[in-house]
Amino acid sequence: MMTTKSVQKKAKENAHKRAPKNAKEALKRPSKTVLPPAIKRPLNGFVRQNSLGLSDLKLLSKELLLKIYDLMVKSRVLEERLIKIYRAGESFFWIGGPGEEAWGVPVGLQIRKGRGPAFDYLHLHYRGTPTLVAMGMEMKDSIRLMMNRATDPSTGGRNFSNHYCFPQWNVVPVSSPIEVQYSTALGTAHVQKRACQQGLTLVTGGDAGTAEGDFASCLVWASRPGRELPMLITVQNNRVGISTAYDGQHGEKEIADRARAFQIRSRQIDGNNPIETYLAIQEEMTYIRKTGRPSFIEAKTSRLYGHSSASGANLAQDEIDGLKNFENLLLKADFLSESQQQNTWKKYEVEGIQAQNEVRAEVQPAADSVWDLIYVNSENADWRKF
Amino acid sequence: MATMAQSIRMALHFAEENLQVKDIFGQDVGAPMGGVFTATQGLKTAWNSPLDERGIIAMATGIAMAGDRCVAEIQFCDYIFNTIDLLKIAGNTHWVSHGNYSVPMVVMTPVGAGIRGSIYHSHSFDAWASRLAGWKVVMPSNPLDAYGLLLAAVEDPNPVLFLKPKALMRVRGEDLIPGEPDNEKDLKRMIDGPIGDRSQWKPTWPKLEKYLVPIGKAKTTREGQDITLVSYGRHLLLCNQVADDLKERNILIEVIDLRSIYPYDWQAIKNSVLKTKRVLFVNEDTEVTNFGEHLCYRVTQELFYDLLARPRVLAGLQVPGIGLHPNLESASVPERADIEKAVLEIIGEVP
Ligand SMILES: Cc1ncc(C[n+]2csc(CCOP(=O)(O)OP(=O)(O)O)c2C)c(N)n1
């Protein structure tokens, strides 16, 4: 049996064999479906390149760069804590966003945070921790969700990790069916359009999920001529859906092209580069607030701990780590000292452990609460009592 | 008297004027058509959506999450099936978010056979709908109830599914809608769009009043002591007819119009069955895992020793669809004669 690793190795070995000899050959279409020779990437992997360079550091203030770094570390440490909680048998399932910090943190920092249509709505999928950490979510609240305590503010112990809901920040419930957030997002954007207060709707999701009809629904409804919706539609492309590789499933050249077909402004970015993502998000959010029109970002990201605990939640060896690259750059530029670096990781490690200990002691949902809150004000929904 | 289509239109007008409804939308819901059954003609907040049922339900859910009130339509319930997981989300959002988000939206959709609609314009949805926890589900059998239930649905803070018995859309009721002009022709002149070009047309709305039919409350439409018939929608009218026919033969049938499928009025059913000791549940959705089966089950569990005959369910056959030819349609859904036959059988049963 071929393992993922051996498939990747084989693809790497074969890559040079297929390399074109000259430009003419490079432009020639392959006669059978093979990986395009110009893209040197293993089947299940990603472009092995770090787009971050020292000159990028000039693009944002040092203060902001360090803030982004700090939040990226916090998010990573929190996610790793969640995985440890799972491993210790203190939770049933983990899914989350390590590897998406360079994307999620810059998003969270630029959200217009608040409740109601004047503020931004977030329709996230299950990799949203970095965004919420950047918005100010306490580690404890993420851990309460992970450990399904009654105190969990998102679901009261009813749903998986990373299925957040924070109404005070317009974070609507994360729902497990892939891609439904792309269509429900239309409704909040529609109300924001009517409110004319420059609030926008952000939607996130993975690459494999774009095959679902709700992704198409999103593009169709967001771009109706004269009724365009103020939405930042995004895809975090980690080139895999659970175990199914991107290659072989996508006839479009890039996912961003699908938005272009609807006249939606669209771009593809390196989601492992926090400076690039920060600037791209800033630019697109400004455009949306100004014009009331949608815009689309496909961010190439990494999946650092596999799909979820169902696939082991082990650290991937062959993925780019946007946080590590950013950290190295900050060290190299002397924006960050080694002791600062160590203290940052340590500070959050301690916070995570403390939070876990506190949450462990918190109350668990009572069995008879299953009927609570089915209807508003817990109006009776149990037919036995009709 | 108004037809059910007119009463729905008037309810929606009342709702957009007085109950903060800001969007009434779906396929062909806005101008120029105003809905395939004309139930949304002339409404100022009605608009045409893309031909995308999932998009319609999701849009409504998002609007509700953002705090606005809307009424969305699925053109025929035959096309609602690809939205089921979105309906589930609307139904579970308040619960799974531990009360953080409520989803006050109304979805209306025409249901049932009776118009020679063949396989894809005759489906029923009441049994399916009864499994959507978190939703309330209502189904009127006459224009006044349609008006009152729709306003109650709009005011309800939960998602409500408003099933429209499509065969009754042009049927007139026996009661005036509060504010409706006495003369049918006046109403028609005021609120029915003209045939042909409607681009310059605007309705003149009567001065309507608020009227609510509480969700979860049934209505006894015929009183009797020999047997209870429980139904809703189109089949309620058939049950009334059977009751009237058999009254001449001295068989006194009590007919309950359930009006709400969930939450349902168990007290009304229970009190009636305790009196008559015989019961038949009638609807046209398919018979296996039918909503009437749930009610029948409950009767056997809670009222078993009070019964004089086996409680029964008369429903649509477990076939893939309703065939177009009248012989096929009649063979697939309960007809008046089938109800009468079942009633006589149950009454003839001796314990
Ligand atoms: C409608 C639906 N089908 C299948 C699943 C099971 N599932 C969960 S995540 C996933 C893969 C998603 O991949 P992608 O969209 O690329 O996002 P990623 O997990 O890689 O971030 C699948 C198939 C689901 N949750 N919902």
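All of these numbers come straight from a predicted model, not from anything done at the bench. Here is how names work: the chains are called A, B, and so on, in the same order as the sequence lines, proteins then strands, and each is numbered from 1.
Proximity to chain A (any heavy atom under 4.5 Å) is shown, for B:Ile56, by both the backbone and the side chain. The contact between B:Asp85 and chain A is made entirely by side chain atoms (from C-beta outward), counting heavy-atom distances below 4.5 Å. A:Gln168 does not touch chain B: none of its heavy atoms, backbone or side chain, sits under 4.5 Å away. For chain B, the nearby parts of A:Thr155 are the backbone and the side chain; heavy atoms of each come within less than 4.5 Å. At a 4.5 Å heavy-atom cutoff, B:Lys270 makes no contact with chain A through either its backbone or its side chain. Both the backbone and the side chain of B:Ser97 come within contact range of chain A, judged by heavy atoms closer than 4.5 Å. Contact annotation for B:Lys136: both backbone and side-chain heavy atoms come within less than 4.5 Å of a heavy atom of chain A. For A:Arg224, the part lying under 4.5 angstrom from a heavy atom of chain B is the side chain only.
Checked against a 6.0 Å centroid threshold, the rings of A:Tyr86 and A:Phe93 do not count as neighbours. Between B:Trp95 and A:Tyr375, the distance separating the two ring centers is not shorter than 6.0 angstrom.
Note on B:Gly91, B:Ala64, B:Gly62, B:Ala60: by heavy-atom pairs under 4.5 Å with chain A, the leading option is B:Gly62. Chain A forms the most heavy-atom pairs under 4.5 Å with one residue out of B:Pro104, B:Pro263, B:Gly67, and that residue is B:Pro263. The greatest number of non-hydrogen atom pairs below 4.5 Å with chain A, out of B:Arg54, B:His98, B:His294, is found for B:His98. Note on B:Tyr264, B:Trp266, B:Tyr262, B:Tyr101: by heavy-atom pairs under 4.5 Å with chain A, the leading option is B:Tyr101. Among A:Val220, A:Asp214, A:Val370, the residue with the largest count of heavy-atom pairs under 4.5 Å with chain B is A:Asp214. Counting heavy-atom pairs under 4.5 Å between each of A:Leu186, A:Asn159, A:Val191, A:Asn170 and chain B puts A:Val191 at the top.
Looking at B:Thr228 and B:Thr276, their side chains do bring a donor and an acceptor atom within 3.5 Å of each other. B:Asp28 and B:Gln75 share a side-chain donor-acceptor pair at under 3.5 Å. Side-chain polar atoms of B:Asn158 and B:Trp135 form no donor-acceptor pair below 3.5 angstrom. Defined by atom type and a distance below 3.5 Å, a donor-acceptor pair is missing between the side-chain atoms of B:Tyr232 and B:Asp257. Between the side chains of A:Ser176 and A:His163, at least one donor-acceptor pair of N or O atoms lies under 3.5 Å. Between the side chains of A:Ser142 and A:Tyr164, at least one donor N or O lies within less than 3.5 Å of an accepting N or O.
Judged by distance alone, the side chain of B:Arg298 and the main-chain N or O of A:Trp383 form a donor-acceptor pair under 3.5 Å.
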